[in-house]
Structures are given as structure tokens and as C-alpha cells.
Amino acid sequence: MEASTAPRTGCLLDENTFTENFMNQIRARKTYLCYKVEILDGDAWVPLDENKGFVHNKGANQPGQPCHAELYFLDRIRSWNLDRGLHYRLTCFISWTPCHTCAQNLATFLGENSHVSLRIFASRIYSLPGYGAGLRTLQAAGAQIAIMTSKEFEHCWETFVDHQGRPFQPWDDLEVVSQHLCEKLQAILQTQQN
């Protein structure tokens, strides 16, 4: 794949898809995961633009087996055959925090690939039973997990959305909801398992 300074238009989300799936105040039905890869060069992280894009889950109402976005992402990472002699940083912007199983799979991947670090910025938190334990396992494996703020939403808009030159327009109460979710995530990550 040829390197470029920006992803091709076909590899970008349209504005409505981004807003409908990342707006932190509504319950989107799909999970979208936008990702970028950087390589450590001295003291600086250098983007690998050929390894940038997005994936989304495949639901039960679609042909074939359902699959979570995180599992598609792991398949994509493995297909790159990242050089074990170099250090990579994967940054994901995801519309929902990973479920317990996906968090476990990501943690296992990190345990098997010490040359890879992972940062996850989530728009929303899944709050089903067991999901908190999965996030704590993922954090214990070295992943950094945080809630998206206007800074991350704007970065996603600029990097992964076919915005036609329009600037990101934060929705009402974006920061209020982000702050609430940040506090909730910190409580989840600090909870001791019994």
C-alpha cells in the first residue's frame, strides 16, 4: 500500500456517520473504531499514514457471522506484520468502550506484542455486567483508556471524516457529558476486583 499524507476519500467517514456514531449523548447501534499507527523514531512518534483508517462492527442483521470492531482491528494489525525490532503506538478512537471479550483479546495481543502500545479514546461507556472487569484487565495489560473530549472529537473530524473543509462543530453539552463519562470511567478503572 502506498503511503500518503491523508487517507483517500473512500477511506473516510461521512459527516453524518461520524456524528450519529460518535456523539456521546445518543446510543448508537454500531461501534466504529478509527485508528492510527505511529512508530517511535528517537524521541518522537512518526505517523504511518498507510496504517490509518476505520472499521466497524458487523451486526447480527448483516450477512455472515457478527463480529465486533475490535476484532476486525486486531485482524488488521496482525496482517501488517509489524517489525518486532521497532516500537509502535496504536491510537484508537472508538464509539463504545470494548466489551469484556474484546478487552480480553486486546490485552492478550498486548501481552504477546511488547513492541506495541495501545491508547483508546472512547466516546461512550458500555455498562453491561463484566465490562468494567474487561477494561481493568486491558488497563493492567498496559493500555491507556480515556474518554474523548472535544480535542479528540476534533482530531477525529480532521483525520477520519470527509468534512469537505468544514470545521468540527461541537454539539451542546459535549464537554459536560465527556466530563461525566470521564469520572465514570475512572471509577470503573479504580474499582478493586473482589
Side-chain angles (χ1 to χ4, degrees), residues 1-13 17-18 21-22 28 30-42 44-59 62 64-126 131 133-148 152-153 155-162 185 189:
M1 186 179 282
E2 214 173 280
S4 66
T5 56
R8 296 182 315 274
T9 301
C11 295
L12 295 173
L13 294 167
T17 300
F18 174 76
N21 288 282
F22 279 89
K30 282 190 175 181
T31 299
Y32 273 80
L33 185 154
C34 300
Y35 61 87
K36 65 180 185 177
V37 181
E38 298 163 295
I39 189 168
L40 187 60
D41 184 11
W45 289 102
V46 178
L48 298 176
D49 286 336
E50 68 271 17
N51 298 92
K52 174 170 55 177
F54 70 90
V55 293
H56 63 81
N57 68 313
K58 184 159 111 178
Q62 296 171 299
Q65 290 294 316
C67 187
H68 288 193
E70 297 89 340
L71 301 181
Y72 281 128
F73 176 60
L74 281 173
D75 285 346
R76 192 160 289 177
I77 296 168
R78 289 181 179 115
S79 75
W80 296 330
N81 295 313
L82 299 176
D83 184 337
R84 289 189 167 277
L86 301 173
H87 190 76
Y88 300 88
R89 179 169 70 182
L90 310 175
T91 303
C92 298
F93 304 91
I94 190 166
S95 54
W96 290 100
T97 53
C99 72
H100 184 270
T101 302
C102 288
Q104 293 286 348
N105 281 306
L106 289 165
T108 299
F109 173 81
L110 290 175
E112 295 169 349
N113 294 277
S114 60
H115 63 300
V116 176
S117 62
L118 176 64
R119 299 186 309 166
I120 296 174
F121 294 95
S123 175
R124 298 175 206 83
I125 301 172
Y126 266 129
Y131 281 29
L135 294 177
R136 289 188 293 276
T137 298
L138 186 52
Q139 182 182 46
Q144 297 174 346
I145 307 168
I147 293 297
M148 292 175 73
E152 288 80 31
F153 286 112
H155 177 77
C156 277
W157 178 265
E158 293 295 328
T159 307
F160 302 106
V161 177
D162 184 16
L185 178 63
L189 294 175

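Predicted model only: the values in this text are computed from it and were never measured.
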I need the minimum non-hydrogen distance between [X] and [Y], along with the two atoms involved.
X	Y	answer
E70	L106	CG-CD1, 4.2 Å
C92	L118	SG-CD1, 3.9 Å
S117	H87	OG-NE2, 3.6 Å

Checklist entry - What is the ring orientation for F73 with W80, classed by angle as parallel under 30°, tilted 30 to 60°, or perpendicular over 60°? => result perpendicular
Identify, with sequence neighbours excluded, every residue that meets side-chain hydrogen bond (donor to acceptor under 3.5 Å, both in side chains) alongside [X].
X	answer
Y131	none
R119	T91
N113	R84
Q144	none

Are the side chains of [Y] and [X] in contact, using a 4.5 Å heavy-atom criterion?
X	Y	answer
L90	I120	no
K36	P47	no
C11	K52	no

In Å, rounded to the nearest 0.5 Å, how long is the span from [atom1] of [X] to [atom2] of [Y]?
X	Y	atom1	atom2	answer
R124	Y126	CZ	OH	9.0 Å
D75	C67	CG	SG	6.5 Å
F160	F22	CZ	CZ	8.5 Å
S95	N21	OG	CG	5.5 Å
L33	I94	CG	CD1	4.5 Å
I147	S123	CD1	OG	7.5 Å

Checklist entry - Given H68 and T31, is the side-chain contact (heavy atoms from CB on, under 4.5 Å) satisfied, shown in steps? => result CA-CA 8 Å; H68 288 193; T31 299; over 6 Å; no
Item to check | salt bridge (Lys or Arg N to Asp or Glu O under 4.0 Å) contacts touching residues 88-111 (sequence neighbours left out) | outcome: E38-R89
Pairing residues for [X] by the side-chain contact (heavy atoms from CB on, under 4.5 Å) criterion, not counting sequence neighbours:
X	result
I39	V46, L48, L86, Y88
N105	L71, L74, T101
Q139	I145, L189
A141	A107, L110

Checklist entry - What residues form a ring pair (Phe, Tyr, Trp, His ring centres under 6.0 Å) with H100, not counting sequence neighbours? => result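 None.
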Item to check | For F121, all residues meeting ring pair (Phe, Tyr, Trp, His ring centres under 6.0 Å), sequence neighbours excluded | outcome: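 By the ring pair (Phe, Tyr, Trp, His ring centres under 6.0 Å) rule, F121 matches F93.
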Checklist entry - Is a side-chain N or O of D162 found less than 3.5 angstrom from the main chain of L12, in a donor-acceptor match? => result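 No: the side chain of D162 does not pair with the backbone of L12.
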Next on the checklist: Strictly distance-based, threshold 3.5 Å: is any side-chain N or O of T137 a donor or acceptor partner for the main-chain N or O of A133?
Outcome noted: yes
Checklist entry - Would you find more than 12 non-hydrogen atoms of other residues, nucleotides or ligands less than 6.0 Å from D83 atom CG? => result yes
Item to check | Evaluation steps, side-chain contact (heavy atoms from CB on, under 4.5 Å), between F109 and R78 | outcome: CA-CA 9 Å; F109 173 81; R78 289 181 179 115; 4.0 Å; yes
